[in-house]
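Each ligand, and each atom within it, is numbered from 1 in the order the structure gives. FYI, side chains are in, hydrogens and waters are out, and symmetry mates aren't considered; it's all heavy atoms of this structure. Position 1 is the first residue of the sequence; numbering continues from there.
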Amino acid sequence: MTATHSDVHQEVRRTVREFVAREIAPIADALDNAEAEIPMPVIRKMAGLGYFGLVFPERYGGMGLDTLAMAIVAEELSRGWLSVGSVMTRMIITGTLLLESGTEEQRQRFLPKIASGELLTAAAFTEPDAGSDTGAIKCRAVRDDAGGGHYLLRGEKTWCTFANRAHVLTVLARTDPDPSRRHKGLSMFLVEKEPGDYFHPPELDGSVIPTIGYKGMKSYSLAFDGYRVPAENLVGGEEGRGCYQLMPTYEIARIQTAARAVGVAQAALDAALRYAQERTQFGRPIADHQVIRHKLARMATELEAARQLCYYAASVKDRGGRSDLEAGYAKVFAAEMAERVTSEALQIFGGYGYSREYPVQRFWRDSRVFRIFEGTSEIQYEVIAKRLLEGAKAGGNGQGRGKGRS
Ligand SMILES: Cc1cc2nc3c(=O)[nH]c(=O)nc-3n(C[C@H](O)[C@H](O)[C@H](O)COP(=O)(O)OP(=O)(O)OC[C@H]3O[C@@H](n4cnc5c(N)ncnc54)[C@H](O)[C@@H]3O)c2cc1C
């Protein structure tokens with residue numbers, strides 16, 4: 001079940017570690033404490049290192065690396081700061097959408113610029129009344145052929161992370177006015193906008209959602225009121241396909257999210273191992289107390305299990321197979337592991353763990369989001385159970401061919 005690490009993967013890990021030690025470790029705590037975003041020069045450096053186009057084919061400006069390499073990059077960046085490891089998620093989602101479902105013209109127009117970081121992207125799927133239930137999306141895209149073909153967007157989106165800095169939002173909107181059509185009435189749009197902390201009301205307005213962690217990127221509530229989108233920006237050029245076009249993005253985004261959880265948990269374990277050997281109570285390092293030793297051992301065991309599940313899901317994807325089940329296993333297990341491991345790390349720090357002076361509280365606050373975004377744990381279990389039961393019904397090994405989360 002272990003994935004093979006080639007020299008390329010080892011080299012990828014080494015270079016990302018160097019980048020994190022040089023560019024991220026010195027700034028992460030201060031910026032998190034100040035609730036400040038990742039500086040743009042850091043984002044430009046990540047773009048320059050090719051992190052946003054890692055898995056795109058070279059003919060579209062990408063590096064042509066595999067999913068395992070992407071997981072390693074996400075893990076190591078997140079070990080430095082979750083927010084930094086999360087920037088690339090957006091470009092991976094948009095790129096996968098285009099590769100799997102875009103027209104050739106859309107791929108040529110957007111992919112090389114996304115891979116180079118010239119265009120930054122953000123995902124606007126969630127709405128105030130439609131989170132797990134994508135079929136309930138209300139944001140409307142109405143075709144208007146007057147003055148050239150375009151659509152007018154009207155409605156609200158929420159939790160659009162990185163919306164301010166993005167040049168392109170991938171927006172899932174309802175093209176069929178009949179809400180009973182649910183998923184079948186949704187279409188995906190590439191919505192171009194100017195980057196910056198300002199929006200352009202009334203057509204597009206945005207406000208920041210205050211959060212308890214994940215401070216290096218801001219998440220926004222967005223309101224569209226007649227925002228014009230050229231018809232050629234309808235992904236794949238066909239209405240009603242939006243939800244189905246999202247499916248392949250779930251696999252890669254969930255593997256990437258599992259890798260981010262592994263990275264944050266590793267950072268917490270590293271800190272706990274150091275602290276347990278430095279902190280003395282009852283005349284000896286707390287690492288000499290068996291309860292603490294066993295905590296560390298359990299944390300490391302769970303962490304390694306999550307890492308292997310994540311690499312395994314990546315390797316299944318790289319072999320060209322369907323990997324939604326494996327991506328679901330990895331995502332849900334790593335998310336729950338990260339919450340437990342970071343909480344135990346904080347516990348090992350005692351009162352100091354609760355103080356802003358040590359980064360362990362950052363790992364704990366950041367890790368809480370893994371059970372919520374990219375499909376909640378409850379929805380992941382539902383997807384996994386559905387596949388298992390379908391497989392069992394078909395007399396197979398429990399790995400039936402159900403649909404992904406919707
Ligand atoms: C920090 C952060 C960043 C995010 N970034 C983005 C982003 O960039 N773009 C984007 O589009 N979205 C983003 N999201 C939104 C995220 O994807 C949603 O929060 C998530 O899908 C859950 O939707 P919801 O919050 O509406 O919860 P709900 O769907 O309302 O769920 C509430 C609770 O009910 C449970 N539940 C719902 N349905 C079922 C069911 N059928 N069976 C069992 N339990 C169920 C859920 O698991 C959850 O525990 C982000 C969220 C956060 C917190």
Side-chain angles (χ1 to χ4, degrees), residues 32 35 37-38 78 81-94 96-97 120-139 153 155-166 168-174 182-183 186 188-191 193 206-224 242-243 245-247 249-250 252-254 256-257 260-261 264 328 331-332 335-336 338-339 362 364-386 389 402-406:
D32 179 78
E35 310 218 344
E37 287 172 284
I38 305 163
S78 304
W81 191 11
L82 171 62
S83 300
V84 167
S86 303
V87 178
M88 63 193 279
T89 323
R90 276 124 268 285
M91 275 54 93
I92 289 169
I93 290 173
T94 314
T96 305
L97 262 174
L120 299 172
T121 72
F125 309 139
T126 306
E127 294 186 1
D129 296 324
S132 306
D133 184 8
T134 313
I137 278 177
K138 290 191 198 127
C139 181
L153 281 185
E156 290 177 60
K157 291 286 169 185
T158 191
W159 287 113
C160 182
T161 306
F162 210 56
N164 54 336
R165 287 174 159 184
V168 179
L169 308 177
T170 45
V171 177
L172 192 56
R174 185 163 293 286
R182 293 196 31 96
H183 304 89
L186 300 177
M188 187 69 73
F189 293 90
L190 299 159
V191 175
K193 64 175 269 294
S207 56
V208 175
I209 304 170
T211 58
I212 59 167
Y214 200 40
K215 302 279 189 187
M217 289 201 290
K218 303 283 177 217
S219 297
Y220 285 80
S221 290
L222 299 176
F224 295 96
C243 227
Q245 292 167 342
L246 259 186
M247 297 294 173
T249 73
Y250 291 151
I252 195 155
R254 285 174 183 169
Q256 204 267 353
T257 303
R260 287 187 277 168
V264 174
K331 197 274 180 183
V332 77
E336 299 188 354
E339 190 185 358
R362 166 164 66 87
W364 178 62
R365 282 184 291 107
D366 280 355
S367 75
R368 188 59 185 85
V369 78
F370 293 122
R371 285 176 56 202
I372 300 172
F373 65 14
E374 295 299 341
T376 64
S377 284
E378 292 76 11
I379 295 296
Q380 298 296 320
Y381 283 127
E382 200 49 41
V383 171
I384 292 167
K386 194 172 168 193
L389 292 165
K403 282 191 232 156
R405 176 185 87 98
S406 57

Original post:
For Arg362 and Val264, what are the C-alpha separation, side-chain angles and deciding distance, and is it a side chain to side chain contact (heavy atoms under 4.5 Å, CB included)?
Top reply: CA-CA 9 Å; Arg362 166 164 66 87; Val264 174; over 6 Å; no
Subject >> Contact (N/O only, under 3.5 Å) between Glu127 and ligand 1 >> reply: no
Original post:
At the 4.0 Å heavy-atom cut-off, does Thr211 count as touching ligand 1?
Top reply: no
Original post:
Are any of the N or O atoms of Asp133 closer than 3.5 Å to those of ligand 1?
Top reply: no
**OP:** Check the pair Leu82 / Val369 against side chain to side chain contact (heavy atoms under 4.5 Å, CB included), numbers first and verdict last.
**Re:** CA-CA 10 Å; Leu82 171 62; Val369 78; 4.1 Å; yes
Original post:
If you measure every N/O of Thr158 against every N/O of ligand 1, is any gap under 3.5 Å?
Top reply: no
Original post:
Is there any N or O on Ile372 that sits under 3.5 Å from an N or O of ligand 1?
Top reply: no
Subject >> NZ on Lys138 to CG on Asp129, rounded to 0.5 Å >> reply: 4.0 Å
**OP:** Output yes when the distance from some N or O of ligand 1 to some N or O of Thr376 is under 3.5 Å, and no in every other case.
**Re:** yes
**OP:** For Tyr214, take its heavy atoms, then give the atoms of ligand 1 lying under 4.0 Å from any of them.
**Re:** 1 (C)
Original post:
On the ring face of Phe162, is Arg165 found with NZ or CZ under 6.0 Å from the centre and within 45° of the axis?
Top reply: no
**OP:** Return a yes/no value for Thr126: is any of its N or O atoms, backbone included, closer than 3.5 angstrom to an N or O of ligand 1?
**Re:** yes
**OP:** Kindly confirm or rule out an N or O of Ser219 lying under 3.5 angstrom from an N or O of ligand 1.
**Re:** no
**OP:** State whether the number of non-hydrogen atoms from other residues, nucleotides or ligands found under 6.0 Å of Glu336 atom CD is greater than 12.
**Re:** yes
Original post:
After noting the C-alpha distance and the side-chain angles of Trp159 and Phe373, does the key distance pass the side chain to side chain contact (heavy atoms under 4.5 Å, CB included) rule?
Top reply: CA-CA 10 Å; Trp159 287 113; Phe373 65 14; over 6 Å; no
**OP:** Go through ligand 1 atom by atom and flag the ones less than 4.0 Å from a non-hydrogen atom of Thr161.
**Re:** 3 (C), 4 (C), 5 (N), 6 (C), 7 (C), 8 (O)
**OP:** Kindly confirm or rule out an N or O of Phe125 lying under 3.5 angstrom from an N or O of ligand 1.
**Re:** yes
**OP:** Work out whether the distance between some heavy atom of Lys157 and some atom of ligand 1 is less than 4.0 Å.
**Re:** no
